[in-house]
There are 2 protein chains.
Amino acid sequence: MQLHRLVTFFKTIGDPTRLRIIKLLSQGPLHGQAIAGKLGLTPATITHHLKKLRDVNIVYERRDGNIIYFYLQPSVVQHYAHALLDLTEQNEVKKEMKEKFVERQKVIDNFFTSDGRLKNIPAQRKKKLIVLEHMLKGLKPGKRYTEKEINEHIKKFHEDYATIRREFIMNNYMYRENGIYELNPPEMWHKIDE
Amino acid sequence: MQLHRLVTFFKTIGDPTRLRIIKLLSQGPLHGQAIAGKLGLTPATITHHLKKLRDVNIVYERRDGNIIYFYLQPSVVQHYAHALLDLTEQNEVKKEMKEKFVERQKVIDNFFTSDGRLKNIPAQRKKKLIVLEHMLKGLKPGKRYTEKEINEHIKKFHEDYATIRREFIMNNYMYRENGIYELNPPEMWHKIDE
DNA sequence: TATCTAATTAGATATATATCTAATTAGTTG
DNA sequence: CAACTAATTAGATATATATCTAATTAGATA
């Protein structure tokens, strides 16, 4: 939804007379003169506001004989209300992702030296997975590696390549077939359950 | 929620600059000059808008050293979004009740003569229950009736008081003990399942 | 077709407000 | 306390708009 449409909608309902009309119509359809009477305003004024309400599609009309009844369209109102919610919820999701990222970064800062070597393998499962995933970064998805290549890669981080290589397999980050290693797609990895 | 508060809130967010500020702040807090820079406006203008945003409590501030950071308060925005939804949903409930009432009235008009006598007992269960409940109206809750009194009451609507009296009992509208009849409370009645 | 009525339009007026520049305030830091 | 800076306030201007009265239009009905 473009910003402009939201602005127009909220400007439209951000008026006491128009909100009163909405409330009135929420009880059922009414014709212009009736609305004017109930609100103590002239028909011309009501026309003015109805035009704006129609412009944002929250009101439609239907003729019955000589008089025109105006109806509220609740679904449109609900639609914009949800758009407003999204405007802030989108933010919540982003904030959550950001927090997760910060948390992971903290773990990585703690377990790797400034020149990028792993100090030791974390005991906590959650932290261990973060560390393993960090060491996975240099490997390319789809590329096939020999065991020797994998060992060399791991040794850039830590001497005990055997343990770490085993962890890669056990936690489903990679699979091995005939001594050839390959990255699994992320959706197959062991997820960190909070 | 008073109408006035809703109007003020929607008027506040019904402005392009303010909605842009809200969107910006939904990514994270910012200080005044930063907002002014990103929107291409002067700090004075930003102050003007922030004042209005604070007035409706969707923005709060926190000082860090020499600069003041402005934060969005998503819960307040969500609160008003829900109030907007309620404005239309309240209507849906009322409309439903009204429709049910109209439906019942139609059945009653069909099965009773203009002088209030029952033409015949409806075959459809749903309609029968509406008719029975209509004939229950003259009886007082809590009052104890003899069988003869019940019969007299029913005879005002229809000759076959025995059948109807039995229906009253079978559908749990009344109970009988030692030949004394009494109305059950409505929550015990047979409900009409659509 | 002529007439009636609800709705709309046109035009006037008063009020509200978004924005700017310039001056001032509040608060931090040396 | 003095100097600095971000934020606010004051005042001016231009634009938007809510409301009214009076005139006009659109549509239904006799």
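All of these numbers come straight from a predicted model, not from anything done at the bench. In what follows, chains carry the letters A, B, and so on, assigned in the order in which the sequence lines appear, proteins first and then strands, with residues in each chain numbered from 1.
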Below 4.0 Å: OP1/OP2 of [N] and any side-chain N or O of [X]:
X       : N      : answer
A:Gln33 : C:dT5  : no
A:Thr45 : D:dA18 : no
B:His48 : C:dC20 : no
A:Thr17 : D:dA18 : no
A:Arg54 : C:dT8  : yes
B:Lys52 : C:dA18 : yes
B:Thr47 : D:dT8  : yes
A:Thr42 : D:dT19 : no

Selected nucleotide, minimal atom distance to [X] side chain, candidates [options]:
X       : options                : result
A:His31 : C:dG27, D:dA28, C:dA7  : C:dA7
A:Leu41 : C:dT8, D:dC20, D:dG27  : D:dC20
B:Arg63 : D:dG27, C:dT28, D:dA18 : C:dT28
A:Asp15 : C:dT19, D:dA18, D:dA6  : D:dA18

For the pair made of [atom1] in [X] and [atom2] in [N], what is the distance, rounded to whole Å?
X       : N      : atom1 : atom2 : answer
A:Leu30 : C:dA6  : CG    : P     : 15 Å
B:Ile67 : D:dT8  : CD1   : P     : 13 Å
A:Leu50 : C:dA6  : CG    : C1'   : 13 Å
A:Lys51 : C:dT8  : NZ    : P     : 9 Å
A:Leu39 : D:dC20 : CG    : P     : 11 Å
B:His49 : C:dT19 : NE2   : C1'   : 7 Å
B:Phe70 : D:dA7  : CZ    : C1'   : 7 Å
B:Arg62 : C:dA26 : CZ    : P     : 23 Å

Q: Report the base-pairing partner of D:dA26 (Watson-Crick or G-U wobble, both distances below 3.5 angstrom), or none.
A: C:dT5
**Q.** Nearest heavy atoms of B:Leu25 and B:Leu30, plus distance in Å
**A.** CD2-N, 3.8 Å
Q.
Less than 3.5 Å apart, any donor N or O on the side chain of A:Tyr173 or A:Glu133 sitting next to an acceptor on the other?
A. yes
Q: Taking atom types as modelled, find out whether A:Arg176 and A:Tyr181 have a side-chain donor-acceptor pair closer than 3.5 angstrom.
A: yes
Q: Assign the ring pair A:His134 / A:Phe157 to parallel, tilted or perpendicular, where the plane angle (0 to 90°) is split at 30° and 60°.
A: perpendicular
Q) Quick one: on DNA chain D, does A:Gly40 or B:Ala44 contact a more 5' nucleotide (nearest heavy atom)? A) B:Ala44
Q) A:Tyr71 ring centre to A:Arg62 NZ or CZ under 6.0 Å, with the angle to the axis within 45°? A) yes
Q | A:His31-A:Phe70 aromatic ring centre distance below 6.0 Å | A | no
Q. Base, sugar-phosphate, or nothing for A:Arg20, non-hydrogen atoms under 4.0 angstrom?
A. nothing
